Number of protein chains: 2
Amino acid sequence: MNSESGNFRHRNLPLLLLQAREHVISRFRPILNAHGITEQQWRIVRALLDTGPMEPREIGLLCRISSPSLAGVLSRMEELGLIKRKRLDHDQRRLHVSLTPRSRALSTRMAPQIEATYRDIEALIGAEFSARFYGALDELIGALTSHEPAALANE
Amino acid sequence: MNSESGNFRHRNLPLLLLQAREHVISRFRPILNAHGITEQQWRIVRALLDTGPMEPREIGLLCRISSPSLAGVLSRMEELGLIKRKRLDHDQRRLHVSLTPRSRALSTRMAPQIEATYRDIEALIGAEFSARFYGALDELIGALTSHEPAALANE
DNA sequence: CGATATTCACTAATATATTAGTAATATAGT
DNA sequence: ACTATATTACTAATATATTAGTGAATATCG
């Protein structure tokens, strides 16, 4: 990066975060591919595993997937038998999304390789740095969330 | 997050990085929209500004855009007059991508708002934390790069 | 020199992202 | 009840991402 062209004084933070994520996710991608599940689909499965059943709106906020994207992803996931959708009785607009035995079995099969990859990463960066880094990410998100309620694309 | 369902012991690092990036980029998105340029197109313009002319392969590695995505993005950018493409004389496979007066003027118009947003963010998270965070990102990327050469999707 | 392998940008097919907008339902205020 | 507004999931159109694979050009090696 040449510092002569003085158009911008700051480093590109969104790009840095993207690069960091790419370096991390590239170690998980082969696992997802081997099990025939896409990155977004897996993000949703894992969120439902961690948090329990959710409505699309909640899934979108947690997984950072916009409402229009989610419509397609959930539709495909239902066709694949990874989730089931059910209208709420007391509010016909809303939807209840939950995992299926199939997706639970899938995550059980994937878990060992996922965990092994986390151990690989922690071995490279060190447990201490790892903990500090998670903390820093939480702090960043918290600081940016406190004043601005984390708007998503389609809102 | 309930800790009862013991499927995974680690927090979802790719998701955390995605959430962090989304919180950051959501503050820049209005600027990009107001100037009619997409996120990927701006990432490329800014990279060419910082680094100078590059070939698609280099752009892809730096901006983390896969070769097939890049083909379409660069094609649209050329139509919009944001870049120009030229075959290299000594290697007819390769391509030379550079900015145009139009995109340089665009970045000059956008620069004040971009810089102001960086100041906003730094005011929220603090200059000291900001510097440490950049350092941590560099360290993470460095650690993950040293043993694995940062493979992209289409390689 | 020639056969092989590699590199590069690209296409094709499908999945997802983004922006704008919609119909159906629910809620708040009158 | 009733009107205005808000919320929820959705569609449409376009841009980008992902995976696999291709042809042309170049480099490598026998």
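In what follows, every heavy atom counts, from backbone to side chain, and hydrogens, waters and symmetry copies are set aside. Within every chain, numbering begins at 1; the chains are lettered A, B, ... in the order of the sequence lines, protein sequences first and strands thereafter. The structure presented is a predicted model; accordingly, all values stated were derived computationally and were not measured.
Contact annotation: A:Ser69 does not reach the phosphate of C:dT16 (side-chain N/O to OP1 or OP2, under 4.0 Å). Under 4.0 angstrom from either OP1 or OP2 of D:dT16 there lies at least one side-chain N or O belonging to B:Thr38. For the OP1/OP2 pair of D:dT16 and a distance below 4.0 Å, the side-chain nitrogens and oxygens of B:Arg76 include at least one atom meeting the criterion. Proximity of B:Ser67 to the phosphate of C:dC10: no side-chain N or O atom is located under 4.0 Å from OP1 or OP2. Distances shorter than 4.0 Å separate none of the side-chain N or O atoms of A:Gln40 from OP1 or OP2 on D:dA17.
For the segment residues 85-101 of chain B, the set of residues with a heavy atom within less than 4.0 Å of an atom of DNA chain D comprises B:His90, B:Asp91, B:Gln92, B:Arg93, in numerical order.
Heavy-atom contacts from other residues, nucleotides or ligands closer than 6.0 Å to CZ of B:Arg85 number more than 12.
Residue B:Leu61 contributes atom CG, which lies 14 Å from atom C1' of C:dA9 at whole-angstrom precision. Across the protein-nucleic acid pair, B:Ile65 atom CD1 and C:dT16 atom C1' stand 15 Å apart, rounded to whole Å. One interatomic measurement links the two molecules: CZ of A:Arg57 to C1' of D:dT7, which rounds to 9 Å at whole-angstrom precision. Rounded to a whole Å, the CD atom of B:Gln41 is 14 Å from the C1' atom of C:dA17. At whole-Å resolution of the value, CD1 in B:Ile25 and C1' in C:dA17 are 13 Å apart. Taking atom CD on B:Glu55 and atom P on D:dA25, their separation rounds to 17 Å, with Å as the unit. Per the geometry, CD1 belonging to B:Ile59 stands 11 Å off P belonging to C:dC10, to the nearest Å. Distance, A:Ile37 CD1 to C:dA15 C1': 13 Å, rounded to whole Å.
Between the side chain of A:Gln19 and the backbone N or O of B:Ile141, no donor-acceptor pair lies under 3.5 Å.
Geometric assessment of B:Arg11 against the ring of A:Tyr134 yields a negative cation-pi assignment under the 6.0 Å and 45° thresholds.
A residue-by-residue look at B:Gly72 and A:Asn33 shows that B:Gly72 has its nearest nucleotide of DNA chain D further toward the 5' end.
When the nucleotides D:dT11, D:dT18, C:dT11 are ranked by their closest atom to the side chain of B:Ser66, D:dT18 comes out on top.
Classification of B:Arg132 and B:Glu139 as a salt-bridged pair fails, no side-chain N sitting under 4.0 Å from a carboxylate O. With respect to the salt-bridge test (charged N to carboxylate O, under 4.0 angstrom), the residues A:Glu122 and B:Arg9 do not qualify.
Taking the six-membered ring where the residue is Trp, B:Phe28 and B:Tyr118 present tilted rings, their angle falling between 30° and 60°.
Summarising the geometry, atom CG belonging to A:Leu17 is positioned 5.0 Å from atom CG belonging to B:Leu137; distances are rounded to the nearest 0.5 Å.
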